[in-house]
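Here's the structure we're looking at; comments come further down.
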Amino acid sequence: MTSANTPDRFDPSSADARWQAAWDQAQCFRADDNSAKPRSYVLEMFPYPSGRIHIGHVRNYTMGDVLARTKRMQGFEVLHPMGWDAFGMPAENAAMEKGVHPGGWTRDNIANMKAQLKRLGFALDWSREVATCEPDYYGQEQALFLDLYEAGLVYRKESAVNWDPVDMTVLANEQVIDGRGWRSGALVEKRKLSQWFLKITQFADELLEGLSSLDKWPEKVRTMQENWIGKSQGLRATFKLVDTDNGIEVFTTRPDTLYGASFLAIAADHPLAHSLAANAPELQDFIATCKRGGTTAAELETAEKLGFNTGLSVEHPLDSHWHLPVYVANFVLMDYGTGAVFGCPAHDQRDLDFARKYELPVRRVVADGDNDGETFEGNEAYTGPGRLVNSGWMNGLTIEEAKAQIIAKSAHEGWGTAETQYRLRDWGVSRQRYWGTPIPFIHCELCGVVPVPKKQLPVMLPEYVDFQTPGNPLLRHPTWKHVDCPKCGKPAVRETDTLDTFVDSSWYFLRFASQPSDKPFDRDVLAKWLPVEQYIGGIEHAILHLLYARFWTRALQHIGLIDFAEPFASLFTQGMVTHETYSRVDGSNGQPIYFSPDEIERGGESASLKADGAPVEIGRVIKMSKSKKNVVDPDNIIATYGADAIRWFMLSDSPPERDLPWSEAGIEGCSRFVHRLWRLFGQFDAAASGDDKALDRKRDQTVAAVADDIAALSFNKAVARIYELTSAIEKSSPSVSRSAAIRTLLLLVAPMMPHLAEEAWAAIGETGLIAQAAWLAVDPALLVEDEVTIAIQVLGKLRDTITVAKGLPKEELEALALASDKVQRALDGKAVKKVIVVPDRLVNVVA
RNA sequence: GCGGACGUGGCGGAAUGGUAGACGCCGGGGACUUAAAAUCCCCUGAUCCUUGAUCGUGCGGGUUCGAGUCCCGCCGUCCGCACCA
C-alpha cells in the first residue's frame with residue numbers, strides 16, 4: 001500500500017494498517033519473562049465476545065494502552081495482555097435462536113473483535129491471548145477447582161437456591177437484583193437443589209481487612225465491598241420457651257438493650273413457624289402473605305410491619321419470670337442471623353413501629369440526654385449514644401461497656417455467645433448450562449461424589465448438543481455424562497452443572513502472566529509480574545468480579561499456590577461514554593421515536609433528520625443504549641477519521657473517571673488536531689540554527705507535566721499540555737530549539753496517537769519504531785522559570801501584576817508593589833497596616 | 001434510612017489556601033479564495049457610567065491578609081446498598 005499523505009493531510013486509511021503490521025512483525029509488545037528491566041503489568045478488564053467492540057471498550061483500552069506504551073518507552077518491561085471472557089448465556093441464546101453452535105458463534109465473534117482491537121492500534125501482547133472457553137484454559141480452571149476442593153474450600157450442599165425460570169439456571173445472591181435475575185429480568189423463585197459452593201465466607205474477615213491495604217483503589221469501591229461483606233458483631237442468645245426444654249436463638253448487635261425487650265419475632269420461613277403452621281391454617285395464610293410481599297426498594301419502604309401472635313412465650317434470659325410473646329413477623333429475614341430477633345422498641349425503629357401497632361410495651365433503656373424516664377413517648381426510636389437506664393445492674397454503663405459485660409455474663413451463664421455475622425454468603429457456583437466450565441466431578445452410587453483424577457483433565461464439553469429444548473443441555477445429552485467411576489470402575493455419571501462464568505474471570509490475570517501447558521501457572525513467573533500494577537475497568541464490577549478475584553487470589557495463597565494476597569495493586573474505574581439523543585414524538589401514540597446519530601444532520605444548536613430535513617429534538621446526554629439509538633460504532637469512526645482521532649477523543653476533555661460525552665463536533669476537532677500535528681511535524685528542520693530558550697523551557701516543562709499526568713491517569717490534563725506546546729511551537733521561528741521541540745512533541749504523542757507518530761518519526765529521518773524509542777529526559781534547570789509574574793493585591797483583591805526576576809527579596813517586592821499607581825489609587829490615601837509577601841507569588845497590601 | 005461521589009462560562013472541564021475560567025468544543029468577526037472546503041488570525045463569564053470598575057465557583061455562616069479549595073449548617077444531582085436485627 002502506498003501512502004496517500006500530503007503535506008497538509010495525514011492519511012490514516014493507509015498509515016494505520018501499515019504501522020500495525022510493522023508492530024506485529026517486530027513483535028515489539030511481547031513481554032519477556034526473563035527481562036532484567038523493571039516490570040509493569042497493565043491490565044484492562046477483558047471483554048465478553050459479544051461480536052462488536054463498543055465505544056466503552058475503546059475508552060477503557062485506550063487508557064490502558066497509553067499507560068502501557070508510556071511505561072514501555074520509559075524503560076519498563078510491560079505486560080499488557082488481552083483475552084476473552086468467552087463462556088456465558090448469550091452464546092447459548094444465539095444457539096437457540098439462530099441454530100448456530102455456541103463455540104462457533106463465540107470464536108467468530110472473537111475473530112471480529114480481535115480485528116477491531118488491532119485496527120485501534122493497541123499495544124497488546126497477543127502471544128498471551130486466552131479465551132476462557134478453550135480447554136487449555138478451562139481445563140486448568142478445573143485443576144484449580146480440584147485443589148480448592150481438596151483444601152476444603154469447595155463443598156456441595158442441598159440448599160434453597162435462586163432459580164431463574166427464564167434462563168433455567170441458578171443465580172448467586174449477587175446476581176439477583178430486586179428479586180429478579182440480573183440478566184433475564186425474570187422473577188426469581190426459590191428451589192431446593194444440590195449445589196456446589198465456594199467457601200468465600202471463610203475469607204470474609206481477610207477480604208474486609210485487606211481492603212484497608214488497597215490504598216490505590218477508589219474509596220467508593222472499597223466502601224461497596226465493605227458493605228457487601230457486611231460484618232456485624234454482637235450476641236447470639238437463646239430465649240427458653242416457657243414450659244419446654246426448647247429455645248429460640250436470636251442474634252443482636254444491641255445486647256445492651258436487653259432490658260428493653262418486649263417481644264420476640266421469627267421469620268416466616270423459620271422452622272418453628274413452619275411446625276406451628278402445620279395445625280394452624282391462619283398462620284399458614286399469614287406466612288403466605290409474607291412471601292407475597294414485594295422486594296423492591298419502594299415496596300419495602302412503605303410495607304407495613306405485620307405480625308402473627310403465636311401464643312407462645314419465652315423467658316427473658318436475665319429474669320426467668322419475665323415472659324415475652326413470640327410473633328411471626330414479615331420484617332424478619334430467615335437468611336440473616338438466626339432468623340429470629342428480640343424486639344427492643346425504644347431503640348430500634350422497626351421494633352417501635354411493630355410495638356405501637358400491636359400495643360406492646362416500650363421501655364427506655366438508654367438515656368437520651370437528660371431524658372431517662374422509663375416511659376417512651378413518640379414514634380421515633382432513639383438510636384444515639386447514652387448511658388444505660390432502667391436496666392438494673394447495668395445502669396450507668398455506656399453502650400459499649402454494657403455490650404461487653406452482657407456478652408461476658410451470657411457466656412458465663414451459658415445462654416449466649418459473642419458472634420460475628422456477615423452479610424456475605426458462600427458463593428454458589430453451579431449453573432445448569434452447557435456453555436461453561438464443566439465441574440470436574442463424578443457421581444457414583446457406591447463411592448459418592450468423586451473428583452475427576454487430574455490426569456483425566458480437562459473434562460471437555462461435548463461438541464454436539466441439542467439446544468432446542470429448555471433446560472440444561474448437558475443433562476439430557478445422550479452419552480456425555482456416562483462414565484466409569486474413577487474409584488470403583490462401576491458405571492457412574494458426570495456432574496452436569498457448569499461453573500458460574502465469574503469463576504473464569506477470577507484468575508485470568510494469573511494465566512496471562514504465565515501459561516504452561518501442564519499446570520495453571522508457574523509460581524515463580526507469577527511472582528515476577530503480579531500483582532497487577534494498574535487494573536482498569538468499569539464500576540459495574542465493583543462488587544462481583546473484583547470481590548471474587550480477590551477471594552480466588554487469597555484462596556490460592558491459602559493453599560500455597562501463589563505468594564501474594566491481593567491481585568490488583570491499583571484499580572481505576574473509568575466513566576461511561578455518553579451521547580445526546582435525537583427524537584420526535586410520534587403523533588399517533590405520543591411516544592418518542594429515536595433516531596441514530598447517522599440519520600442526523602447536526603448544526604450548532606439544532607439537529608435535523610437527513611431523510612426529510614425537518615428538525616428533531618436533541619435530548620439529554622445519557623449512557624449509550626440500543627433502545628435510545630444513541631450509540632456510535634467505533635468501526636465507522638475509525639473508517640472516517642482513523643484510529644488516532646478516536647483514541648485522542650477518548651483521552652480529551654473529561655477526566656477519565658467521569659462520563660465522556662461523545663459528539664460529532666468533538667471527533668472532528670480531534671481529527672483536525674491530527675492533521676495540524678502532521679503539518680507541524682512536516683516543519684521539522686534538521687539544519688535549522690539558532691536557539692530559543694523560552695521554547696526549550698516550555699518543552700521540558702511539558703515533558704515533565706505530561707509524564708506526571710499520565711502516571712496519574714489524568715489524560716485530559718496531558719492532552720491540554722500537548723495543545724499548549726503545539727501552539728507554542730507553531731508560534732516560534734525556526735531554530736535548533738524548534739526542531740528539538742517538534743521531535744519532543746512527537747515522542748509525547750506517540751503513546752496516544754501511535755500511527756501518526758510512527759509516520760512522522762520515519763518522515764523526520766529517525767530509524768526504528770517510535771514505539772520502541774526511549775522517553776524524554778528533562779533538564780531540571782529548565783523547569784524553573786527565571787522570571788515570574790507577581791500578583792499585587794490590595795485587601796485580597798487583584799489590582800496589578802508585575803513581572804520580575806525570580807527570587808527577588810521580599811523588601812524589593814513590597815517596594816515595587818507600593819510604587820504601583822494602581823495600588824496607590826486603590827489605597828485611596830488609606831494608611832498601609834501591613835504587607836503580606838509570598839515570594840515569587842504575590843503581594844497583598846492590607847490597609 | 002445508611003454509605004459514597006459531585007455542584008465552576010452556552011458545553012466538557014483547569015486551578016500545591018495565593019492572578020478563577022488553562023485546554024478543548026460551540027458561537028461571533030476577519031484574512032486567503034471567483035466561490036466553497038481546508039487553513040490562519042482575533043474576540044468570546046455577567047453588568048455598567050467601558051483609558052476602567054463592580055459582581056461572579058449551588059445557598060447561608062465561619063476561619064484567614066487572602067477561600068472554588070479548609071470548617072459548620074443547608075439545598076440539589078448522580079451512584080451503591082438496604083426491614084441485615
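In this text the structure is predicted, and so the values were computed from the model without any measurement. Residue numbers start from 1 in every chain, and the chains themselves are labelled A, B, ... in the order their sequence lines are given, proteins ahead of strands.
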message: Looking at C25(B), which nucleotide sits across from it as a Watson-Crick or G-U wobble partner, both distances under 3.5 angstrom, or is there none?
response: G10(B)

- prompt: Considering all heavy atoms of both residues, which atom of Asp709(A) and which atom of Ala718(A) are nearest to each other, and what is their separation?
  reply: OD2-N, 3.5 Å

statement: Side-chain contact check for Asp653(A): nearest option of G4(B), G24(B), C81(B) is G24(B)

- line: With the side chain defined as heavy atoms from C-beta on, Thr789(A) is closest, among G4(B), U19(B), C65(B), to U19(B)

message: So, does Arg350(A) get its side chain near the phosphate of C84(B), meaning an N or O under 4.0 Å from OP1 or OP2?
response: yes

message: Below the 4.0 Å mark, does G24(B) have OP1 or OP2 next to a side-chain nitrogen or oxygen of Tyr723(A)?
response: no

statement: Under a 3.5 Å limit on both distances, the Watson-Crick or wobble mate of A67(B) is none

query: Is there a donor and acceptor pair closer than 3.5 Å between the side chain of Asn844(A) and the base of C65(B)?
result: yes

query: Is the Phe649(A) to Trp662(A) ring centre distance short of 6.0 Å?
result: yes

message: Counting the atoms with a prime plus P, OP1 and OP2 as sugar-phosphate, which does Arg672(A) contact under 4.0 Å by heavy atoms, base, sugar-phosphate, or nothing?
response: sugar-phosphate

message: Mind checking if Asp351(A) touches a base, just sugar-phosphate, or nothing, with heavy atoms under 4.0 Å?
response: nothing

query: Any side-chain donor paired with an acceptor under 3.5 Å for Asp659(A) and Thr578(A)?
result: no

- request: Rounded to whole angstrom, note down the P distance from G56(B) over to U47(B).
  value: 15 Å

- prompt: Say you pick atom C1' in A67(B) and the same atom in G10(B); how far apart are they, in whole Å?
  reply: 27 Å

message: Taking only side-chain N and O atoms of Arg658(A), does any of them lie within less than 4.0 angstrom of OP1 or OP2 on G13(B)?
response: yes

Integer angstrom distance from the P of C11(B) to that of G45(B): 13 Å

message: Taking only the P atom of each, what is the distance from C43(B) to G80(B) in whole angstrom?
response: 45 Å

field: Length of the line joining Glu580(A):CD and G12(B):C1', which is rounded to integer Å
entry: 13 Å

message: Measure CZ/Phe331(A) against P/C83(B) and give the value in whole Å, please.
response: 13 Å

- prompt: For Val838(A), which contact category applies under a 4.0 Å heavy-atom criterion: base, sugar-phosphate, or nothing?
  reply: base

field: d(CG, Asp353(A); C1', A85(B)) in whole Å
entry: 14 Å

message: Strictly below 4.0 Å: does Asn227(A) bring a side-chain N or O up to OP1 or OP2 of C2(B)?
response: no

statement: Which of G4(B), G80(B), C83(B) is nearest the side chain of Asn330(A)? It is C83(B)

Distance-only side-chain donor-acceptor flag, Arg738(A) / Gln683(A), under 3.5 Å: yes

message: Regarding Arg721(A) and Gln701(A), do their side chains bring together a donor and an acceptor under 3.5 Å, going by distance alone?
response: no

query: Without hydrogens or angle criteria, can the side chains of Ser13(A) and Tyr641(A) be said to hold a donor-acceptor pair below 3.5 Å?
result: no

query: For the residue pair Trp678(A) and Phe10(A), does the interplanar ring angle fall in the parallel (under 30°), tilted (30 to 60°) or perpendicular (over 60°) class?
result: tilted

- request: For Gln225(A) and G3(B), give me the distance from atom CD to atom C1', rounded to whole Å.
  value: 14 Å

task: Answer with base, sugar-phosphate or nothing: what part of the nucleic acid does Val719(A) contact at a heavy-atom distance below 4.0 Å?
output: nothing

task: Assign Arg799(A) to base, sugar-phosphate, or nothing according to its heavy-atom contacts below 4.0 angstrom with the strands shown.
output: sugar-phosphate

Pairwise C1' distance for A14(B) and C23(B), with rounding to whole Å: 7 Å

query: For Lys717(A), which contact category applies under a 4.0 Å heavy-atom criterion: base, sugar-phosphate, or nothing?
result: sugar-phosphate

query: Does any N or O donor sit under 3.5 Å from an N or O acceptor when you compare the side chain of Lys305(A) with the base of C83(B)?
result: yes

- request: With heavy atoms under 4.0 Å as the rule, sort Glu724(A) into base, sugar-phosphate or nothing.
  value: sugar-phosphate

message: Can you see whether Asn630(A) engages Thr581(A) through a side-chain donor-acceptor pair at a distance of less than 3.5 angstrom?
response: no

task: Could you check whether Thr801(A) gets within reach of a base, just the sugar-phosphate, or nothing at all, counting any heavy atom under 4.0 Å?
output: base

- line: Ranking Lys731(A) and Thr338(A) by the position along RNA chain B of their nearest nucleotide, the one closer to 5' is Lys731(A)

query: Taking any strand in view, what nucleotide pairs with C83(B) in a Watson-Crick or G-U wobble way, both distances under 3.5 Å?
result: none

message: Give me the distance, rounded to whole Å, that separates U69(B) from G60(B) when you measure between the P atoms they each carry.
response: 13 Å

message: Could you tell me how far apart Ile792(A) (CD1) and U19(B) (P) are, to the nearest whole angstrom?
response: 13 Å

query: For the base of U39(B), is there a side-chain donor-acceptor partner from Arg9(A) under 3.5 Å away?
result: no

query: Contact class for Ser232(A) (heavy atom, under 4.0 Å): base, sugar-phosphate, or nothing?
result: sugar-phosphate

query: NA contact type, Pro655(A), heavy-atom cut-off 4.0 Å: base, sugar-phosphate, or nothing?
result: sugar-phosphate

- prompt: In the structure shown, which nucleotide is the Watson-Crick or G-U wobble counterpart of A5(B), with both distances under 3.5 Å?
  reply: U77(B)

- prompt: Taking only side-chain nitrogens and oxygens of Lys797(A), does any of them come within less than 4.0 Å of OP1 or OP2 of C55(B)?
  reply: yes

task: For nucleotides A5(B) and C40(B), find the distance between their C1' atoms and express it as a whole number of Å.
output: 43 Å

- prompt: Who is the Watson-Crick or G-U wobble partner of U54(B), with both distances under 3.5 Å?
  reply: A46(B)

